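These figures come from a predicted structure and were not determined experimentally.
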Amino acid sequence: MIKRLLRATARFLLFLWAVGSFTFVLARLVPGDPVLAALGPRPRAGDIRRLRRELGLDRPLPLQYGRFAARLAVLDLGESLIDRRPVGGLLLRRLPPTLLLAGAALAITLPFSLLLGGLSAWGRSRLWRILEAAFAVFGLAVPVFVLGLVLILAFSLGLGLLPVSGSGGAEFLVLPAVTLSAPLSAMLVRMVRVTLRLEAGRPYVLLARAKGLTPGQVLRRHVLKNALPPIVTVAGLQAGALLGGAIVVENVFSWPGIGTLLVTAVRQRDFPVIQGAVLLMAAAYYLANRLVDLGCERLDPRINRGRSG
Amino acid sequence: MGAADRRRLRRGVLVLAGLAAALLAGAVAGGADLEPCLRQRLQRPSALHPLGTDDLGRDLLPALAFATLASAAVALAAVALAAGVGAGAGFAAGWRGGRLGAAIMAAADFTLAFPGILLALVLLALLGPGASHLVAALALGGWAGYARLARGEVRRIREQDFILAARGFGASAGHIAREHVVPLLLPLLLTQAASGTAAVILAESSLSFLGLGLDPRLPTLGGMIDAGRGHLFDRPLLVLLPGACLALLVAGFLQLAEGLPGAARGPRAGERGDGEGGWTPSFPASPR
């Protein structure tokens with residue numbers, strides 16, 4: 001167990017180092033100078049030299065990289081080019097809102113897609129199947145920022161029920177979370193339906209029916225138990241992808257998370273902040289995926305332990 | 001290919017063709033240009049401007065036509081680049097294996113470790129806007145999926161008996177790759193490319209929406225929606241129309257992808273229960 005944990009940690013650190021080095025190389029290789037970009041149009045020569053020296057960009061590349069790696073090792077991400085605040089602190093302040101948003105979206109997604117997918121697979125009415133099919137297409141086809149704006153139009157401007165944007169109480173969370181959950185729900189609804197239909201055709205269902213159980217009892221006692229692990233796996237794997245969606249959704253609703261920070265930093269060409277945000281999001285995505293892997297091993301004892309540790 | 005697949009394929013083609021025809025016909029009939037004219041900004045629909053004008057005074061209809069076309073063109077270019085590079089790399093990794101293969105797949109895994117549009121966003125932040133930058137950034141995020149698919153399929157196909165037979169008849173490796181492996185690989189790649197195009201259109205419009213797409217002076221669907229945000233209350237059409245174009249474009253490609261041959265291998269095969277695709281529950285499900 002300890003050996004596995006150590007190996008997993010080593011792999012995670014290797015990944016962080018790779019992402020950090022990648023952003024470093026990208027920033028140096030790609031045409032376009034972060035210093036010139038940050039200083040805006042027609043900078044003075046003195047300013048350029050000063051900022052270069054402060055950032056250590058006047059030194060040879062290997063030295064620059066050594067300094068970067070050494071600072072990364074102690075999680076020193078440098079400071080923002082715009083307001084000189086340390087990047088680490090900025091990220092820490094912006095992380096909880098993003099996690100809250102992603103968590104809320106996930107909390108909406110799971111019950112909703114189980115319900116709609118289940119009704120579509122087991123319900124008697126054709127209506128559910130039509131609803132499911134429509135949702136599965138449009139949830140994927142309508143971009144989150146369009147959906148977000150339509151929801152604002154309907155619920156904030158039209159009905160006046162919910163605030164347009166910003167953050168504060170729970171009422172601010174509703175629209176962004178619903179918006180962020182839509183593509184994931186669309187995918188999952190389809191998955192739930194397919195899995196339930198597949199399980200419904202298995203021999204044990206016929207046996208349970210022959211024993212005299214009602215369809216509802218079969219669903220609760222037998223089918224759900226077998227259908228849930230693959231559904232949870234897909235939901236978990238996609239949960240990390242919520243981070244990518246959050247970049248856009250946060251921007252629509254002015255949600256003060258990592259996504260808004262990243263986009264603002266991109267607009268201001270604030271490279272240290274971009275670097276930090278990328279590192280944090282990639283790390284979170286990586287950890288989410290690893291946790292899902294672990295969870296799957298727990299849920300389904302058939303998965304081989306030795307292979308994925 | 002069953003009837004349901006053909007129906008999906010037809011529906012996808014129909015949606016895309018209809019969208020293109022409507023936009024082009026409107027743009028041509030209007031004869032309007034894309035020049036901004038600040039004196040006629042935010043006009044309501046009229047005979048002169050059938051859909052009204054946007055916040056720069058551009059006629060909305062030709063702007064929509066151009067933006068939709070641009071979105072599709074950028075996405076197709078990015079997918080072609082990503083699929084070409086990805087499939088080539090994946091093919092090499094699956095065929096040769098060894099250190100090269102391991103290195104390629106490590107690079108693919110690394111690329112896949114960035115959620116969503118993050119990678120494209122970073123590259124565009126450094127490169128600045130522009131069509132070629134946009135295509136490169138989108139392809140950078142997309143090639144890994146094709147590499148994985150190609151590698152897996154090549155490895156699977158390579159182990160099959162008819163390859164062994166071809167080798168026994170003295171066929172060269174190049175001949176086997178050309179005549180036996182590639183023809184089996186192409187339909188799958190095509191299907192993945194169709195659904196990949198839908199995803200890339202979404203990514204491209206997201207980037208344009210964030211102000212990181214094409215040259216900001218050109219109309220893009222994402223850019224138009226971003227500009228329309230400020231007028232959401234008084235002129236919701238400025239958001240709804242480009243949004244609808246975008247959704248139709250993506251839905252068209254999604255339907256196309258579902259109807260293409262390779263898609264039948266997924267879990268959908270058993271879902272429809274119409275007797276195709278191999279695995280179908282052999283006795284009726286209980287509730288119905």
Distance col, row Leu202(B):CG vs Leu140(A):CG, nearest 0.5 angstrom, shows 8.5 Å
Nearest heavy atoms of [X] and [Y], plus distance in Å:
X	Y	result
Gly244(A)	Pro115(B)	N-CB, 3.8 Å
Phe209(B)	Asn251(A)	CE2-OD1, 4.2 Å
Gln255(B)	Val137(A)	NE2-CG2, 3.6 Å
Phe22(A)	Phe114(B)	CD2-CZ, 4.1 Å

Contacts of Arg155(B) meeting salt bridge (charged side-chain N to carboxylate O under 4.0 Å, His left out) (sequence neighbours excluded), chain-then-number -> none
Between Tyr286(A) and chain B, with a heavy-atom cut-off of 4.5 Å, which part of the residue counts as in contact: side chain, backbone, both or neither? neither
Selection from Leu246(B), Leu119(B), Ile117(B) maximising heavy-atom pairs under 4.5 Å formed with chain A: Leu246(B)
Scored by heavy-atom pairs under 4.5 Å with chain A, the best of Ala251(B), Ser205(B), Gly211(B) is Ser205(B)
Check: [Y] and [X] side chains under 4.5 Å, non-hydrogen atoms:
X	Y	answer
Leu118(B)	Leu262(A)	yes
Val239(B)	Leu153(A)	no
Ile247(A)	Leu210(B)	yes

Between chain B and each of Val19(A), Asn289(A), Thr195(A), count heavy-atom pairs under 4.5 Å; write down the option with the most. Val19(A)
Please classify the contact between [X] and chain A as side chain, backbone, both or neither, with a heavy-atom cut-off of under 4.5 Å.
X	answer
Leu240(B)	side chain
Leu221(B)	neither
Leu212(B)	side chain
Ile201(B)	neither

Going by atom type alone, with no hydrogens or angles, which donor-acceptor pairs under 3.5 Å involve a side-chain atom of residues 141-150 of chain A and a protein atom two or more places apart or on another chain?
none

All side chain to side chain contact (heavy atoms under 4.5 Å, CB included) counterparts of Ala198(B), not counting sequence neighbours: Val250(B), Phe253(B), Leu254(B)
Answer yes or no: are there more than 12 heavy-atom neighbours, outside Phe138(A) itself, under 6.0 Å from its atom CZ? no
Is it the case that over 12 heavy atoms from other parts of the model lie below 6.0 angstrom from the CZ atom of Phe12(A)? yes
Which residues from residues 138-147 of chain B are near chain A, with near meaning under 4.5 Å between non-hydrogen atoms? none
